[in-house]
Amino acid sequence: MDKDTILKLRKLCANLKVLYVEDDENISKQLERILNKIFTNIDIQTNGKAGLIKYKKIQHDIVITDILMPIMNGIEMSHHIKKINKNQMIIVTSAHSEMKYMSKLIDIGVNKFVLKPIDLMVFLELLGKVAIRIFKDRKENNQKNQKIKGNIFSGINNPIVITDKNKIKYVNDLFKKRFLKETDGEIEDFKLRYLFKDAKMQLLNNEEILQRIGNLNKVYELLHMDSKIYKTYKIDVHKMEDEEDQYLINFVNIDFVINDLEKSSINYISKFKTRRDFLEKMHLIYNNKERYEIFCFGLKNVQMYIKECGAKQMNAINNDISIKVKKEFSDLVKEKKVDLYLFNTNRYILIANIKENTTTKNQIEEKLKNFGTNYKCSNGNNMGYHLDYVVEPVNKELAKKDIIDNTEAMLYMLKD
C-alpha cells in the first residue's frame, strides 16, 4: 500500500462521513481496514435496508455499496438514497457477473464503479476524485446560496451572518464592508472570534460564540476592518426556520464609541499574485515540455498562536508571515525559478520550474522546513512560524481542470 497516497487521502478526507454496505464478511473486513486508514467517520452495514436506515439518520458524504445483498440490494438502496439526495456520491463495488446491473444503476444516477477483486490503487484514486468533487460541489452550492440570500438580505441595514453548525454560510455586503478584508479568503473558513476585543470570546469557535451570546444579554466591542477601530454592537441570534443547525446573526451598532488602536503596518499581502494569476500560469505551462512542481503551504498550529497572542493579533501575524514568505523566496522569484501566489489568508501556492535537476526543489523544501527556525513571531514570545506543506508534480497527462482541482485538494490537506 502506498503510504504517501494514504497520508494524502487521510488529510483530504478527514472530515468526510462514509457509509459502507457489504454482506460478504471477508470482503467487508478487507475494505474496512483500508477505509479506516483514510476516514475517521465510517458506518458499516451488511444489507441495503440497514444501510438506508443509517443513511436517513446521518446523510453520509460518500456511500460505498455492494450490489447483491439480502433483505434489500444495493440497487434498491441507491434508488432510495438518490430520492433523498439526488447529488449523493455513491460508489458501487461489483463482480464481473454483476455488470448487467450497471445500466439500471446508471439510470438511478450512480456513475462510480469499482470491479471486484478491488484494485487498491484504482480504488484510492477514485476516492480522491470523489472527495475533490464533494469539496467543489460544496463550494459551488455555497456560492449559489450566498447569491440567493444576498437578494433577500441586501436591503437590511445591519451586518448579517448565517451559520451552519461551526461554518459560516453567508454574510451580507455590509458585514463584508465592516468586518472583512479582501484577503480573508473563503467565507465559510472565517472565524468570528477575530472580531471581538473580549479575550474570552477570542478563544471560542463559531458555534461556542453563538452559545455564549445566546446566554448573555451583553454588548460587544467589534473591530471594524476598514477603520481599524472598535465599535460597540448588540448581537442578536435567531434560529432559522426549517433549518436544523442554521442561525441568523444580526449585528446592531448601538453607539459610536471609538477605541483608538495602533495602525497596522502596510499590508504586504495585497502585493502577492492571486488565484487568477495562478490559473493564467497553469495555462501557460501546460503545453511546454519543462517539469514543474506545485507546493502548497501555510502556518500550522494556528490555535496555539490564538491562545498565546489573542485572536485580534492574527491579522498582524498573517501580515508578518506574508512579509517573511516574500523575503525568503525573493531570490528564487527574481531568478524566475518559482512563482508565488496567495490563495487566501495564510494559504500559499508556489510553482517551481524543476528542469533537468532537483536543485530548485531541494532549495524550496529546505526553506519551508527551516522557516520556523529562521522566522519567529515579533511580539516577544519567540514562537517560530512553522509551516505545513504538500508538494506534487504537475502531471500533464491530466486535463488542466484536473490539475487545478488537485491543487485545491492540496490546500484542503494542510494542517491548521
Side-chain angles (χ1 to χ4, degrees), residues 15 135 137-257 259 261 302-303 306 310-315 318 344-347 416:
N15 297 320
F135 285 120
D137 287 345
R138 285 179 179 175
K139 182 178 177 181
E140 289 169 4
N141 288 336
N142 188 44
Q143 289 171 342
K144 288 177 183 176
N145 288 338
Q146 285 190 24
K147 186 174 181 180
I148 293 168
K149 287 166 183 172
N151 293 332
I152 296 171
F153 295 113
S154 60
I156 299 178
N157 198 29
N158 289 324
I160 294 288
V161 171
I162 292 177
T163 66
D164 190 340
K165 293 184 178 176
N166 209 29
K167 294 285 187 180
I168 291 179
K169 294 301 180 183
Y170 168 79
V171 299
N172 67 352
D173 289 340
L174 193 56
F175 184 91
K176 292 178 184 178
K177 180 180 179 181
R178 291 188 184 177
F179 300 125
L180 299 185
K181 298 189 306 182
E182 290 183 4
T183 54
D184 273 327
E186 301 295 334
I187 290 297
E188 71 170 19
D189 295 328
F190 185 76
K191 308 297 188 292
L192 292 173
R193 60 177 172 239
Y194 294 157
L195 305 179
F196 288 83
K197 187 176 183 181
D198 186 337
K200 292 180 181 178
M201 300 297 281
Q202 294 169 11
L203 299 176
L204 306 179
N205 62 35
N206 291 345
E207 202 167 6
E208 291 168 337
I209 283 174
L210 295 191
Q211 292 172 358
R212 178 70 64 87
I213 291 170
N215 294 332
L216 299 173
N217 185 20
K218 289 180 61 177
V219 296
Y220 301 90
E221 290 184 90
L222 306 181
L223 180 62
H224 274 221
M225 298 311 301
D226 54 352
S227 59
K228 303 296 182 188
I229 60 177
Y230 286 98
K231 294 187 179 181
T232 308
Y233 279 82
K234 180 178 180 295
I235 305 176
D236 297 319
V237 179
H238 306 277
K239 181 81 169 60
M240 296 283 285
E241 289 188 16
D242 302 323
E243 298 289 350
E244 184 179 351
D245 297 306
Q246 289 195 4
Y247 291 85
L248 183 146
I249 313 167
N250 183 29
F251 295 79
V252 183
N253 187 203
I254 60 173
D255 62 29
F256 298 96
V257 176
N259 297 314
L261 294 176
V302 173
Q303 290 297 324
I306 293 171
K312 66 181 180 181
Q313 293 298 320
M314 287 309 299
N315 288 323
N318 287 328
N344 50 44
T345 302
N346 186 33
R347 284 291 184 268
D416 285 327

Worksheet entry | Contacts of type salt bridge (charged side-chain N to carboxylate O under 4.0 Å, His left out), residue Lys167, not counting sequence neighbours | Asp189
Practice prompt. Over all heavy atoms of both residues, which pair between Leu203 and Glu208 is shortest? Give the atoms and the distance, please.
Written response: O-OE1, 4.4 Å
Fill in: Nearest-0.5 Å distance that lies between atom CG in Asn250 and atom CD1 in Ile160
4.0 Å
Discussion item. For the CG atom on Asn15, are there more than 12 heavy atoms of other groups (residues, nucleotides or ligands in this structure) within a distance under 6.0 Å?
Written reply: no
Worksheet item: Hey, is the main chain of Asp164 close enough, under 3.5 Å, to the side chain of Asn206 for a donor-acceptor pair?
Response: no
Worksheet item: Which atom names give the shortest non-hydrogen contact between Leu192 and Phe196, and what distance separates them?
Response: O-CD1, 3.3 Å
Worksheet, complete the sentence: What one should report as the nearest heavy-atom pair of Ile213 and Met201 is CG1-CE, 4.1 Å
Worksheet entry | Interatomic distance, Ile249 atom CD1 to Asn158 atom CG [nearest 0.5 angstrom] | 13.0 Å
Worksheet item: At what distance, to the nearest 0.5 angstrom, does NZ of Lys231 lie from NZ of Lys197?
Response: 14.5 Å
Worksheet item: How many angstroms lie between atom OG1 of Thr163 and atom NZ of Lys169, to the nearest 0.5 angstrom?
Response: 10.0 Å
Worksheet, complete the sentence: Shortest non-hydrogen pair, Gln202 vs Arg193, comes out as O-CD, 3.1 Å
Worksheet item: Which atom names give the shortest non-hydrogen contact between Leu223 and Tyr230, and what distance separates them?
Response: N-CD2, 3.4 Å
Worksheet item: Under the side-chain contact (heavy atoms from CB on, under 4.5 Å) test, which residues partner His238, sequence neighbours left out?
Response: Asp236, Leu248
Worksheet item: Can you list the residues that meet the ring-ring contact (aromatic ring centres under 6.0 Å, His included) rule with Phe175, with sequence neighbours excluded?
Response: Phe179, Phe251
Response to the item:
Partner of Tyr233 under side-chain contact (heavy atoms from CB on, under 4.5 Å), picked from Leu222, Val219, Leu195, is Leu222
